[in-house]
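Atom set for the values below is all heavy atoms of this structure, side chains included, hydrogens, waters and symmetry mates excluded.
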Amino acid sequence: MDNMIDNILNDVKEGTMTPDQAKKELKTYEDLGFAKLDIHRSKRQGFPEVVFGEGKTAEQITQIIQSLGEMGEPILVTRVSDDKAKSVLDHYPELEHHSTARTLVQHKSNASLDKDRQGSISILCAGTSDLPVAEEAAVTAEAMGVNVKRFYDVGVSGLHRLIDQIDTIRQGHATVVVAGMEGALPSVVGGLVSHPVFAVPTSVGYGAHFNGVSSLLSMLNACAPGISVLNIDNGFGGGYNAALVNRMLSETQREGRSI
């Protein structure tokens, strides 16, 4: 951030940038009245602000997308119902709507995103009922420029389904494991891979499952090392964290540095 400010001030001093242009570059957020859109997030974190669609109207989401589009940023909106998505697509038909993941995405041609595609992450889910959370993780990581390999319906009740895929899973830089019920899958995967595992409990289960709390507690008590646990149904967080790991390792490999 400091380097960016120094560069802008230098450009103004040398006459290659006007003061008005500098002000625009230094502006940190766009005030939309109902929201203050963080327009410096991509400079700080490598990816722009993601829009959480739940609780927002279709009109508000549309206005945020318009502002992001004017800045040339890739767009990711999460937790969007089909009805809201249809309304937004009337204004922006170029967006991709992923109904299962409940997302709207617009991929931009961006060198900083494209170069990360040399690495990959794995997304696993225990059962078909966990698909919405797993797909939210997968779409998030893909929006960040990461290759995603999906391994679905590989829960512990049929361990052979996981073992058949484990060699490919091990090739990824990180794995997101999505599971409900007793939440046992992350422990099994954590004992089989040598990279970070991001465990995401889901609110899928019977009776005393407590809407995902039992899965959450199981994952927090996992015996395998290298497991970090996200909140219940937080596929976005799992995909985002795994993508950051992939980006770090991809850049390290590209530059020939050691970790």
Inset, instruction - Decide salt bridge (charged side-chain N to carboxylate O under 4.0 Å, His left out) for Arg102 and Glu54; before the verdict, give the C-alpha distance in whole Å, the side-chain angles of both, and the deciding distance to 0.1 Å. - result: CA-CA 10 Å; Arg102 297 167 292 178; Glu54 196 171 296; 5.6 Å; no
Inset, instruction - Walk me through it: do Tyr152 and Arg161 pass the test side-chain contact (heavy atoms from CB on, under 4.5 Å)? - result: CA-CA 9 Å; Tyr152 291 167; Arg161 300 173 298 180; over 6 Å; no
Inset, instruction - Using the side-chain contact (heavy atoms from CB on, under 4.5 Å) rule, take Val51 and Leu68 through it: C-alpha gap first, then chi angles, then the decisive distance, then the call. - result: CA-CA 10 Å; Val51 185; Leu68 287 171; 4.0 Å; yes
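Side chains of Val139 and Val105 form a contact here, defined as non-hydrogen atoms less than 4.5 Å apart. Contact of the Thr168 side chain with the Phe151 side chain is registered, since non-hydrogen atoms from C-beta on lie closer than 4.5 Å. When side chains are defined from C-beta on, Val200 does not count as touching Val177, because their heavy atoms never get closer than 4.5 Å. At least one side-chain heavy atom of Val245 sits less than 4.5 Å from a side-chain heavy atom of Phe198. Between Asp82 and His97 the shortest side-chain heavy-atom distance falls below 4.5 Å. Looking at heavy atoms from C-beta onward, Val77 lies out of side-chain contact with Thr103 at the 4.5 angstrom threshold. With a 4.5 Å cut-off on side-chain heavy atoms, Val80 and Val88 do not count as touching. Counting only heavy atoms from C-beta outward, the side chains of Lys149 and Ile121 never approach each other to under 4.5 Å.
Cluster membership for Leu185 and Leu220, using ILVMFWY side-chain heavy atoms within less than 4.5 angstrom, is shared. Val189 and Leu131 are members of different hydrophobic clusters when ILVMFWY side chains are connected at heavy-atom separations under 4.5 Å. One hydrophobic cluster, built from ILVMFWY side chains closer than 4.5 Å, cannot hold both Val213 and Val178; they sit in different ones. No continuous path of hydrophobic side-chain contacts links Val50 to Phe52 [ILVMFWY only; heavy atoms under 4.5 Å]. Val133 and Val204 are not part of a single hydrophobic cluster, where members link through side-chain heavy atoms under 4.5 Å apart.
With sequence neighbours excluded, the residues satisfying side chain to side chain contact (heavy atoms under 4.5 Å, CB included) with Ser87 are Ala58.
Pairing each heavy atom of Glu136 with each of Phe236, the nearest pair is OE1-N, 2.9 Å. A pairwise comparison of heavy atoms in Asp233 and Ser203 identifies OD2-OG, 2.7 Å as the closest pair. Listed here is the closest heavy atom pair of Ala199 and Met219: CB-SD, 3.7 Å. Of all non-hydrogen atoms in Ala138 and Arg150, the two that sit nearest each other are CB-NH2, 3.4 Å. Shown here for Leu95 and Gln106, the closest heavy-atom pair between the two residues is CD2-CB, 3.3 Å. Gly180 and Ser215 make their closest contact through C-OG, 3.2 Å (heavy atoms, listed as atom of the first residue, atom of the second, distance).
For the residue pair Ser120 / His173, no side-chain donor-acceptor distance below 3.5 Å is found, with atom types taken as modelled. No side-chain donor-acceptor contact under 3.5 Å links Asn241 and Ser228.
For Phe210, the CZ atom sits in a loose shell: 12 or fewer heavy atoms of surrounding residues, nucleotides or ligands are nearer than 6.0 Å.
Considering CD1 of Ile169 and CG of Leu124, their distance stands at 4.0 Å, rounded to 0.5 Å. One distance of note links OG of Ser187 with CD of Glu182; it measures 10.0 Å at 0.5 Å rounding. Taking CD of Glu49 as the reference point, atom CD1 of Ile75 lies at 12.5 Å (rounded to 0.5 Å). A distance of 10.5 Å separates CD1 in Ile163 from NE2 in His160, rounded to the nearest 0.5 Å. Thr57 contributes atom OG1, which lies 9.0 Å from atom CD of Gln63 (distance to the nearest 0.5 angstrom). Taking CG of Leu162 as the start and CG of Asp153 as the end, the distance is 11.5 Å to the nearest 0.5 Å.
Panel note: side chain Asn234, backbone Gly237; a donor-acceptor pair is recorded below 3.5 Å. Side-chain N or O atoms of Lys86 include none that pairs as donor or acceptor with a backbone N or O of Ser81 at under 3.5 Å. Using modelled atom types, one side-chain atom of His209 and one backbone atom of Gly212 make a donor-acceptor pair closer than 3.5 Å.
A side-chain contact (heavy atoms from CB on, under 4.5 Å) with Thr202 holds for exactly one of Ile232, Asn211, Asp130, Leu216; it is Asp130.
Looking at Arg170 and Asp167, a side-chain N of the basic residue comes within less than 4.0 Å of a carboxylate O on the acidic one, giving a salt bridge.
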